Amino acid sequence: MTLLRGDALSEAFDQGSAAYDRLVSASPGYHAHLRRSARRLGLADGGAGLRVLDLGCGTGASTEALIAAAPLARVTGVDASAGMLERAAAKPRLTHVEFVHAPAEALAGRLAPGSFDAVFAGYLLRNVQDADAVLGLVRRLLVPSGRLAVHEYTLGGSSVDRVVWNAVCSTIIRPAGRLTGDARLYRHLQESVNTFDTAPEFAGRLRKAGFQGVRVLPLPGWQTGITHTFVGRTAQEA
């Protein structure tokens with residue numbers, strides 16, 4: 001299939017937003033893994049005085065994970081889907097979050113360089129049209145020594161990882177998507193992972209984009225070898 005990109009993907013997420021939280025909550029470990037990845041940003045003192053960007057915040061599950069890890073941080077959530085953002089903004093725990101409706105690629109003209117101390121990107125980079133350009137933008141939005149955590153489906157490179165991913169998609173994820181009328185979105189989910197970087201390749205992409213101290217951290221459960229946290233930081237000022 002042709003992967004969904006740009007407006008077509010945003011429209012698919014708009015349509016799927018009503019059932020999205022219910023479906024992801026049925027995935028064992030989904031929210032716990034987001035919280036673990038958010039903690040891996042390593043924000044001290046509850047994030048006091050820090051500005052944190054949740055890039056590709058969706059319905060706010062990742063935003064809630066960030067707030068659990070850094071309750072004193074000032075959080076901004078950005079997403080290209082108006083439907084997903086509407087769900088996020090309606091959550092009682094997120095009423096103090098600033099939400100911005102925009103594709104990640106459009107932020108260069110809306111946010112100044114050095115606007116954030118940390119960026120969290122959950123399930124975003126395999127869905128953008130140019131992952132390298134978005135990572136370059138993220139690096140510019142961060143302060144010197146700013147922190148990045150990416151939480152993403154990136155297969156570990158073993159053939160077993162690919163077999164497990166496709167088996168779960170074929171027997172659970174895509175049938176659930178058909179039941180909610182979102183078959184196209186969940187077909188895209190499966191194929192976007194199959195065609196995206198492996199975990200080592202994505203770590204290399206981060207280093208090429210100028211991030212330092214890049215580490216690939218596993219997550220437990222059935223997602224082992226399928227979902228990873230990637231952490232890195234921008235360079236210090238000369």
Side-chain angles (χ1 to χ4, degrees), residues 1-17 20 24 34 37 53-63 76-88 99-113 115-116 119-142 146 148-155 162 165 169 173-174 177 182-211 214 216 226-230 232 234:
M1 66 165 288
T2 301
L3 293 178
L4 300 173
R5 289 291 185 248
D7 290 343
L9 183 57
S10 296
E11 290 167 5
F13 274 117
D14 287 346
Q15 178 180 325
S17 61
Y20 193 81
V24 299
L34 280 172
S37 289
L53 174 63
D54 185 9
L55 191 57
C57 65
T59 61
S62 54
T63 320
T76 300
V78 172
D79 202 90
S81 166
M84 301 287 270
L85 278 180
E86 183 179 356
R87 301 282 168 178
F99 288 107
V100 177
H101 178 214
E105 298 90 334
L107 294 179
R110 301 185 62 167
L111 297 173
S115 294
F116 296 97
V119 172
F120 186 77
Y123 304 120
L124 171 75
L125 272 303
R126 65 188 161 76
N127 285 319
V128 299
Q129 298 191 51
D130 188 338
D132 293 325
V134 171
L135 287 172
L137 170 63
V138 168
R139 185 169 52 81
R140 290 191 296 273
L141 290 176
L142 283 165
L148 169 67
V150 175
H151 177 97
E152 187 58 273
Y153 291 119
T154 44
L155 300 178
R162 191 170 298 274
W165 169 249
C169 285
I173 295 175
R174 288 181 59 178
D182 302 314
R184 186 174 62 145
L185 177 60
Y186 290 93
R187 186 168 65 250
H188 164 86
L189 168 64
Q190 179 177 1
E191 291 309 313
S192 65
V193 175
N194 283 325
T195 57
F196 191 56
D197 297 346
T198 62
E201 288 169 345
F202 186 69
R205 188 190 291 268
L206 287 171
R207 295 184 184 104
K208 183 179 177 182
F211 289 95
V214 173
V216 183
I226 294 171
T227 311
H228 297 84
T229 316
F230 301 82
T234 55

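On a predicted model such as this, the values are computed, not experimentally measured, just so you know. Any value given below was found using the heavy atoms of this structure, including those in side chains, with hydrogens, waters and symmetry copies removed.
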Checking Glu152 side chain against His228 main chain: does a donor-acceptor pair fall under 3.5 Å? no
Would you give the length of the straight line joining atom CG of Asn127 to atom CZ of Arg5, rounded to the nearest 0.5 angstrom? 6.0 Å
Test ring-ring contact (aromatic ring centres under 6.0 Å, His included), reference Phe196, set Tyr153, Tyr123, Phe202, output is Phe202
Using atom types as modelled and distance alone, determine if a side-chain donor or acceptor of His188 lies under 3.5 Å from a backbone N or O of Leu4. yes
Would you give the length of the straight line joining atom CD of Glu191 to atom CG of Leu3, rounded to the nearest 0.5 angstrom? 7.0 Å
Kindly compute the distance separating SG (Cys57) from CZ (Arg87), expressed to the nearest 0.5 Å. 14.0 Å
Would you compute the distance between atom OG1 of Thr76 and atom CG of Leu53 and round it to the nearest 0.5 angstrom? 6.5 Å
When you measure from the side chain of Thr234 to the backbone of Arg139, do you find a donor-acceptor pair of N or O atoms at a distance under 3.5 Å? no
Heavy-atom closest pair, residues Asp14 and Ala82: OD1-N, 3.2 Å
Scanning both residues in full, the closest heavy-atom pair of Ala209 with Leu135 reads CB-CB, 3.9 Å
Should Val78 and Leu85 be marked as a side chain to side chain contact (heavy atoms under 4.5 Å, CB included) after you check the CA-CA gap, both sets of side-chain angles, and the distance that decides it? CA-CA 8 Å; Val78 172; Leu85 278 180; over 6 Å; no
State whether the side chain of His101 and the backbone N or O of Ala80 hold a donor-acceptor pair below 3.5 Å, judged by distance alone. yes
Minimum heavy-atom distance Leu137-Ala104, with the two atoms named: CD2-O, 3.0 Å
Could you pull out the closest heavy-atom pair between Ala203 and Val216, with the gap in Å? CB-CG2, 3.6 Å
Any non-hydrogen side-chain atom of Val128 less than 4.5 Å from a side-chain atom of Glu105? yes
Stepwise side chain to side chain contact (heavy atoms under 4.5 Å, CB included) check, Ile173 with Gln190: CA-CA 9 Å; Ile173 295 175; Gln190 179 177 1; over 6 Å; no
Heavy-atom pair of closest approach, residues Arg184 and Ala8: NH2-O, 4.1 Å
I need the Asp197 CG to Arg126 CZ distance, nearest 0.5 Å. 12.0 Å
Kindly say whether Leu34 contributes a backbone atom to a donor-acceptor pair with the side chain of Ser37 at under 3.5 angstrom? no
Exercise: identify the closest heavy-atom pair between Ser62 and Phe120: CB-CE2, 3.7 Å
Quick one: does Ile226's side chain get under 4.5 Å of Leu155's, heavy atoms only? yes
Supply the atom-to-atom distance Leu148 CG to Phe211 CZ, rounded to the nearest 0.5 angstrom. 5.0 Å
Check against side chain to side chain contact (heavy atoms under 4.5 Å, CB included), Arg162 and Asn194: CA-CA 7 Å; Arg162 191 170 298 274; Asn194 283 325; 3.4 Å; yes
List the steps, then state whether side chain to side chain contact (heavy atoms under 4.5 Å, CB included) holds for Phe13 with Asp79. CA-CA 10 Å; Phe13 274 117; Asp79 202 90; 5.8 Å; no
